[in-house]
Amino acid sequence: MSPRADPELALQRIRRLASDIVTGDELAGRLRSDRPLRIKFGIDPTFTEVHLGHAVPIRLLRLFQELGHFPVLILGDATARLGDPTGRNEQRPALSKEEVERNAATYLDQIGRILDLDPARCEMRRNSEWFGRMDFFDALKLAARTTVARLLERDDFQKRMQAAAPLHLHELLYPLMQGWDSVMVQADVELGGNDQLFNLHMGRLLQEREGMQPQVCVTTPLLLGTDGRKMSKTYGNHVPLTAPPQDMYGKVMSLSDALMPDWFRLATNLDEAEAAAVLAGHPRDAKARLAAAVTAALHGPAAAAAASAEFDRRFQQHALPSDIPEVRIAPGDYLLPNLLKEAGLAPSTSAARRLIEQGGVRLDEQVCTDAKTVVRLHDGAPARLLQAGKRRFARVAPR
RNA sequence: GGGGAGAUACCGAAGCGGCCAAACGGGACAGACUGUAAAUCUGUUGGCUCAUGCCUUCAGAGGUUCGAAUCCUCUUCUCCCCA
């Protein structure tokens, strides 16, 4: 276990990644205590792809770990089967045990890219451990610890009541379950996205009822997607933690300028002064620095440097990418649109034709706008270089 | 249980017998511009052996008609109001 950092400095670094802290004084007090704090973070394995937005609280958890504290990761295998009502898709179908397990495995793989999951430095618990043992009376006893009015304070519950939208009884109990996790693992601090504040508070309340010192709640700000909307897979504006270095770098480079300060703060380890200095320079360079920092954090500096060099080659010097996939096809004469389809560069020959007519296709580095071009690819013919749009390439050769 | 409104391409939404492969908006893709972007402008956005040609689409199944996304019947599903 690394030695604990200076409490003042620690607090400063935590604040930089935090949106709300309830309460700051309590956190300062605990950071000054002489034991490692138990930092709880819960994830419900309800989906499989973790992106940079999800990663913000995980990065904060990592920071606590670096500061000498002890992450307690809760795998919400019980809660996942219920579904946190926060989500817009309230009708999330109940997941099977198998699905939950499968998701959990991919989660840990992804989280492990940020957090040190070594059992000596991190505790991992499944909440089925205690919820699986509860009987109905235990559940009622838990429910008796709060009031309906208190639960209905939650913003999205209120909205749904007002909109006369369905609000199921079990959804009301979700915050209680999350809060009970805090009791069971004796959390000192719980982290979560800033939409989690209500649930985090419930942990405080339940711990207090149990005569424990209530946990400190720390929420993290929302990291917006590359286009400024909420980061989401459906918008295609997300950066998956598992994205290969080249893609990751490229995705970050497509970020809107205005979002750079947030991204520096929430997705990189640059300190405030350093980030400010970089941002004062040319936006292009700042973004390159950002992309490199994000990529390096997940793939290491060497991969980041390579991704950066490749990106510059491709988009600044308009050079060909260094790794063009090779496609082997049956020998013969091909109409250009068919060839594009065969090479996997277009979804249909019609789409390929349109692309050609719009000047989006290059054959051996020459723009070709004639959809009737015939490409002869007989046995022994040399490979032809195809480019569709700015970033799709293939070398096609007869099989 | 009663009454009403719907289901159209990736999404939202027009169309209500031929001029409909289907307006418009968003998204996506391409081109120009650029700092890689964003913004802006332009174009494209069912498929095909590439054609002023053919084929498959307007919830599903039948029917009327020379002709149906549009009319009729049934089925499925959604939403709203009343009980």
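Values reported hereafter were calculated over all heavy atoms of this structure, with side chains retained and with hydrogens, waters and symmetry mates removed. Predicted model, so just to flag it, every value in this text is computed and none were measured.
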With A:Asp188, the salt bridge (charged side-chain N to carboxylate O under 4.0 Å, His left out) member among A:Arg35, A:Arg204, A:Arg38, A:Lys40: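 The passing option is A:Arg35.
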Atom-pair distance (CG on A:Leu355; P on B:A28), nearest Å: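 Between P of B:A28 and CG of A:Leu355: 17 Å.
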Salt bridge A:Asp312-A:Arg284, side-chain N to carboxylate O under 4.0 Å: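 Salt bridge between A:Asp312 and A:Arg284, a charged N being under 4.0 Å from a carboxylate O: yes.
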A:Lys372 side chain near B:A51 phosphate (N/O to OP1/OP2, under 4.0 Å):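 Result: yes.
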Between P of B:A38 and NZ of A:Lys287, the distance in whole Å: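 Atom-to-atom, A:Lys287 to B:A38, this comes out as 9 Å.
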side-chain N/O A:Arg392 vs B:A30 OP1/OP2, d < 4.0 Å: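 For A:Arg392, the contact criterion (side-chain N or O under 4.0 Å from OP1 or OP2 of B:A30) is met.
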Whichever of A:Met260 and A:Ala371 has its nearest RNA chain B nucleotide further upstream toward 5':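 Nearest-nucleotide comparison on RNA chain B picks A:Met260.
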From B:G35, B:G47, B:A38, nucleotide with atom closest to A:Ser256 side chain: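 Per side-chain heavy atoms of A:Ser256, the pick is B:A38.
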A:Asp262: salt bridge (charged side-chain N to carboxylate O under 4.0 Å, His left out) partners, not counting sequence neighbours: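 Partners of A:Asp262 under the salt bridge (charged side-chain N to carboxylate O under 4.0 Å, His left out) test: none.
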Salt bridge flag under 4.0 Å for residues A:Glu357 and A:Arg354: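 Result for this pair is no, no salt bridge flagged.
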Nearest-Å distance for atom pair NE2/P, residues A:His282 and B:U34: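 To the nearest whole Å, that distance equals 13 Å.
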A:Ala351 side-chain proximity, nearest of B:A37, B:G35, B:G47: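 Out of B:A37, B:G35, B:G47, the nucleotide with an atom closest to A:Ala351's side chain is B:G47.
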Contact under 4.0 Å: A:Lys390 side-chain N or O vs B:G31 OP1/OP2: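 A:Lys390 to B:G31 OP1/OP2: side-chain N or O found under 4.0 Å.
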Gap between atoms CZ and P, on A:Phe311 and B:A37 respectively (whole Å):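 After rounding, the gap between these two atoms is 7 Å.
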Donor/acceptor link under 3.5 angstrom from A:Gln358 side chain onto base of B:G43: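 For A:Gln358, whose side chain was compared with the base of B:G43, there is a donor-acceptor pair (under 3.5 Å).
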d(CZ, A:Arg354; C1', B:G47) in whole Å: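 A:Arg354 atom CZ is separated from B:G47 atom C1' by 9 Å.
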Charged N-O contact under 4.0 Å between A:Glu342 and A:Arg328: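 Salt bridge absent between A:Glu342 and A:Arg328.
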B:U8 versus B:A69 - spacing of their P atoms, nearest Å: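 So the two P atoms sit 16 Å from each other.
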P atoms of B:A14 and B:C24, separation to the nearest Å: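 Straight-line distance between the two P atoms is 15 Å.
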Protein-nucleotide distance (A:Gln387, atom CD; B:G31, atom P), rounded to Å: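 Result: 8 Å.
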Side-chain N,O (A:Ser348) to OP1/OP2 (B:G46) below 4.0 Å: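 No, no such contact exists.
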Under 4.0 angstrom between A:Arg289 side-chain N/O and B:G35 OP1 or OP2: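 No.
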Distance in angstrom units between A:Leu255 CG and B:A39 C1', rounded: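 In whole Å, B:A39 C1' and A:Leu255 CG are 15 Å from each other.
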Integer-rounded Å distance: B:A37 P and A:Asp257 CG: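 Roughly 12 Å, once rounded to whole Å.
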Identified pairing partner of B:A7, criterion: Watson-Crick or G-U wobble below 3.5 Å: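 B:A7 is paired with B:U76.
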